[in-house]
Structure formats: structure tokens, C-alpha cells
There are 2 protein chains.
Amino acid sequence: MQLADVLRGELGTYKSGDYLPSETQLAQRFGVNRHTLRRAVDVLILEGRVLRHKGRGTCVLPTPIVYPVNAASAYSKTLSGMGFRSEAILLARRQRPAHPDEARDLALAPQEPVLELQTLRMLDEQPISLITHCFSARHHAALEGYGGGSMRQHLERKNIALKRVSTLIGARTPSQRDAIRLLMPRHTPVLSIRTLSSDATGKPFELSRSVSRADRFQYQIISGERHED
Amino acid sequence: MQLADVLRGELGTYKSGDYLPSETQLAQRFGVNRHTLRRAVDVLILEGRVLRHKGRGTCVLPTPIVYPVNAASAYSKTLSGMGFRSEAILLARRQRPAHPDEARDLALAPQEPVLELQTLRMLDEQPISLITHCFSARHHAALEGYGGGSMRQHLERKNIALKRVSTLIGARTPSQRDAIRLLMPRHTPVLSIRTLSSDATGKPFELSRSVSRADRFQYQIISGERHED
DNA sequence: GACTATTTGTTCGTATGTATA
DNA sequence: ATATACATACGAACAAATAGT
């Protein structure tokens with residue numbers, strides 16, 4: 001822990017992307033065994049400050065900034081208002097049969113086809129959230145033109161106004177796939193948010209599941225306002 | 001990882017509270033070095049399944065169950081309605097000068113005294129949340145009789161109806177103190193929730209900060225209803 | 001209370017495998 | 001093809017906490 005403290009203090013002398021001196025060199029410099037040094041670096045990895053690459057070295061990660069995200073408005077609007085470049089990239093679009101719980105929440109027949117869109121939300125060039133939107137395939141026309149950007153804005157252009165019905169917020173460590181796509185260590189917690197939204201008629205329309213880096217993302221709710229996206 | 005899988009599979013053969021065979025014995029049985037065995041056990045510790053005690057051994061923890069908590073009503077009510085014994089224990093009560101951000105949120109003069117109450121919320125004998133309530137010391141009379149149980153109910157008996165103003169939800173790993181009080185490993189994420197509530201006149205009254213085991217607690221928001229505790 | 005055996009905690013030395021440049 | 005750097009494993013020793021005598 002002492003060694004980890006020293007190393008953590010020295011991280012500021014590197015630029016993000018820099019590689020630390022090799023384990024052998026650092027171990028020699030501090031007069032400890034390479035194992036001992038590795039265990040100290042393990043702490044920094046658990047904290048998400050550095051990343052080890054076999055055969056290459058240990059590189060320094062950018063210090064994350066925490067962005068509070070207001071639940072009352074769309075992601076993009078809040079964030080761009082704060083002067084950050086917000087971007088949403090469409091990663092995948094596919095059609096598949098609904099899972100039992102999806103069918104229940106979206107009021108579909110079991111196995112009825114759903115349209116699944118997966119987007120990656122970036123903030124200041126840094127991945128923040130991985131969002132999976134799930135709609136009944138009946139609505140595929142409304143989602144035809146979507147190729148990234150704000151999902152809510154896109155639906156508004158199609159004259160569909162969504163209203164949040166329920167939100168479930170939890171935290172966990174990311175799956176390996178999620179960790180890779182969010183460029184984060186597996187040991188750093190993520191906020192996992194699941195929302196169900198209905199259209200103007202009150203019928204369930206969209207089920208969204210998102211995974212967000214908790215070290216860069218906080219969920220804010222201002223009461224009195226309605227929270228939508 | 002292979003060894004960890006084997007060990008995890010065998011955990012079912014122990015009762016919670018049992019101690020595993022010693023590291024030397026297990027290492028010998030699997031034909032690996034003690035280090036290797038320790039690294040496998042590290043995985044189970046990270047998963048929160050076992051706990052190591054120096055000089056004593058490695059004991060098996062009870063498998064946690066996840067209880068969804070509806071944010072729209074008081075903790076206690078929702079949970080007791082589900083048939084779980086919910087309990088809130090008063091850990092500490094003290095008066096101290098307000099921190100700058102507390103003074104800001106509660107609209108106090110800098111350094112003005114605040115009353116801090118810390119409670120531990122248990123569910124089925126298991127610690128779930130650690131809550132720090134913070135009030136202006138001017139309200140000490142209203143909190144005189146409180147010795148545990150639902151804070152909201154207590155204030156209602158004093159004719160104080162709180163209204164949630166804002167909620168900020170994040171996730172992180174617990175501090176050592178928090179991990180100890182929640183009887184959880186430091187590597188398992190916690191939900192950290194910060195709320196500001198005002199009284200009927202709209203003046204800020206209570207600032208609460210809570211830390212909850214994310215493996216046993218989820219935050220649910222049902223729209224349309226007001227979310228209060 | 002002192003002593004001893006047991007068990008986990010930590011560090012070192014050494015060797016070998018594997019990915020990368 | 002080679003050197004470098006991280007990944008993994010083994011063996012040994014000692015420290016520190018615990019439990020029992």
C-alpha cells in the first residue's frame with residue numbers, strides 16, 4: 001500500500017497514454033522484488049488509473065471527470081449545455097425474438113420480434129455509457145433513419161413523444177464485453193439503469209438498458225420536474 | 001481462474017460461517033503452490049463469497065439475495081410489506097460545524113452547527129445501507145426522541161412532512177469504514193445516494209447521504225408518483 | 001500469563017511462458 | 001529472429017494474528 005501511494009503520487013508526472021518504466025526497472029529503483037512492485041501496481045489497476053498490456057508495458061489512463069446527468073432531460077441536451085462534446089455512436093442494430101421479461105414489459109406476445117439498437121455515448125472523446133434500446137419490431141419504421149445521435153430527438157422528429165414510466169438503478173462491475181467497450185477496468189463499478197417508456201397513448205414503447213462508468217457519471221433527479229431520458 | 005471455478009463450485013458443500021481447509025492443505029490437495037491457491041481464493045474474496053482472517057482461516061459468507069426497493073415509499077414500509085424484517089439502528093448522533101457544501105445546501109451560515117445522525121439499515125439481519133442524516137442544529141428538538149426506526153415516520157409524528165428536492169445517485173467502491181460496517185468486501189460496488197429534502201414551507205431541512213450494498217439494493221423510480229425516501 | 005502450534009500475510013529469489021516491438 | 005515486458009508458477013522464509021495448552 002505504501003508503494004502504491006508513492007506510485008499514485010507520481011502518476012501526475014506522466015501524460016495519459018504514457019507508459020510507466022518496466023516492472024524490473026521500477027522494482028530495482030524502489031529496492032523491492034518485482035512481485036512486490038506488481039502488487040502495488042495491482043492497486044492502481046483496481047483503481048482504474050493504469051492499464052497493463054502484456055509484452056508492451058503499463059500505461060497511464062486519463063483521470064476521469066464526473067459528469068452529473070440530469071434525469072429530467074435528454075442526455076445530449078444537458079451535456080452539450082455544459083460545454084462538453086457529446087456524441088452517440090450506433091454500434092449495432094438487429095432484430096430478434098423478445099425475451100420473456102422484455103415481452104412482459106413491452107406488452108408483447110412471447111417471442112414476438114423486437115428491434116434492438118445499441119449505442120455508445122461518448123463525452124469529450126471518452127466513452128461514458130453503453131445503451132441498449134429495445135422496441136417492438138412493429139415500430140421499425142420510426143427507427144429507420146436513426147444512425148446515431150440523440151434517440152429522443154430522432155423520435156420527436158417522427159412525432160413520437162416518450163414518457164418515462166419506471167426507472168431501476170443499480171450498480172455492479174461490468175461484464176468483460178462492457179468493460180472493453182467502455183475502455184475501463186473490470187473492477188471499477190458501473191451504474192446500470194433500466195428504463196421503461198411509453199408513448200403518448202400510454203402504451204409501453206421503449207425498454208432501455210444502459211451501463212455507465214460510475215467514475216464519470218452520476219444520475220441526478222430534480223423533483224417536481226418529470227424525468228425523461 | 002480454473003481453480004477459483006472449482007473452489008466456487010465447492011462452496012455449496014459448506015455452511016455459511018464454516019472455515020475452509022487451510023491454504024497449505026488446499027494447495028497440497030490441488031497440487032499447486034500456496035501462492036496459486038491464494039490467487040484463486042482472491043477471486044472468491046473479490047466476489048464477496050469468502051472472507052480471510054489472519055491467524056484464523058478463510059470463512060464462507062452467506063449468499064446474498066437482491067431485494068428491490070421501491071423509491072416511491074419509505075424503505076421500511078416497502079420492505080416489511082414484502083415480508084422482510086427491516087430495522088434501522090442508530091449508530092451515532094453528534095453535533096458539529098457544517099462543512100461548506102452542507103452549509104450551502106441547507107442554507108446555513110458557514111460553520112453553523114449541524115446535527116448528524118448515522119443509522120444502519122438492516123434487512124433480514126443483513127446490513128444494507130449506511131445513512132448519514134444531516135440537519136441544522138436548530139431542529140434538534142424534532143430529533144430528540146429518535147433512537148432508530150424510520151426517520152420519516154419519526155418526523156411525521158413531530159408534524160414535519162419532508163419533500164424530496166433533489167437526488168444524486170452514483171456508484172463506487174466503499175471506504176474501508178463503510179465496508180466494515182456493511183460487512184462487505186471493499187471491491188463490491190455500493191450505490192451512493194445523496195438527497196436534499198425540504199419541509200412544508202420549502203426550506204431545506206435534511207441532507208442525507210447513504211451508501212448501500214449494490215448487490216442487495218436497487219433504486220426504483222415509478223414516474224407519476226413522488227419519490228420520498 | 002506464557003508458551004506453542006496453526007493459519008494467514010508478506011516478501012524474496014528463481015524460472016518459464018507469452019505477447020509485443 | 002531477438003530482445004523486452006508482462007503473466008504465471010514454484011519454493012522458501014519470516015511476520016503477525018489466533019487458538020489452544
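Chain identifiers are assigned alphabetically (A, B, ...) following the order of the sequence lines, protein sequences preceding nucleic acid strands; residue numbering begins at 1 within each chain.
If you run side-chain contact (heavy atoms from CB on, under 4.5 Å) between B:Val60 and each of B:Leu20, B:Leu44, B:Thr13, only B:Leu20 comes through. With B:Gln118 as the partner, the side chain to side chain donor-acceptor pair (under 3.5 Å) test is satisfied by one option alone out of B:Arg181, B:Arg209, B:Arg93, B:Arg94: B:Arg181.
Taking every nucleotide of DNA chain C with any atom under 4.0 Å from a non-hydrogen atom of chain B, the first and last of them, 5' to 3', are C:dT7 to C:dC12.
The shortest side-chain heavy-atom distance between A:Arg216 and A:Thr188 does not fall under the 4.5 Å cut-off. Looking only at side-chain heavy atoms (C-beta outward), A:His139 and A:Glu144 stay at 4.5 Å or farther from each other. By the 4.5 Å heavy-atom criterion applied to side chains, B:Leu143 and B:Leu115 are counted as neighbours.
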key: Trace of the side-chain contact (heavy atoms from CB on, under 4.5 Å) decision for A:Glu102 with A:Leu207   = CA-CA 8 Å; A:Glu102 291 169 344; A:Leu207 187 63; 3.8 Å; yes

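In terms of phosphate contacts, A:Thr58 brings a side-chain nitrogen or oxygen within less than 4.0 Å of OP1 or OP2 of D:dC6.
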note = Letter by letter from the 5' end, nucleotides 7-14 of chain D scores (B base, S sugar-phosphate only, - none; protein heavy atoms under 4.0 Å) BBBBBBB-

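The pair A:Glu116-A:Arg96 counts as a salt bridge, with a side-chain nitrogen and a carboxylate oxygen less than 4.0 angstrom apart. Comment: B:Arg29 engages B:Glu10 in a salt bridge, judged by a side-chain N to carboxylate O separation of less than 4.0 angstrom.
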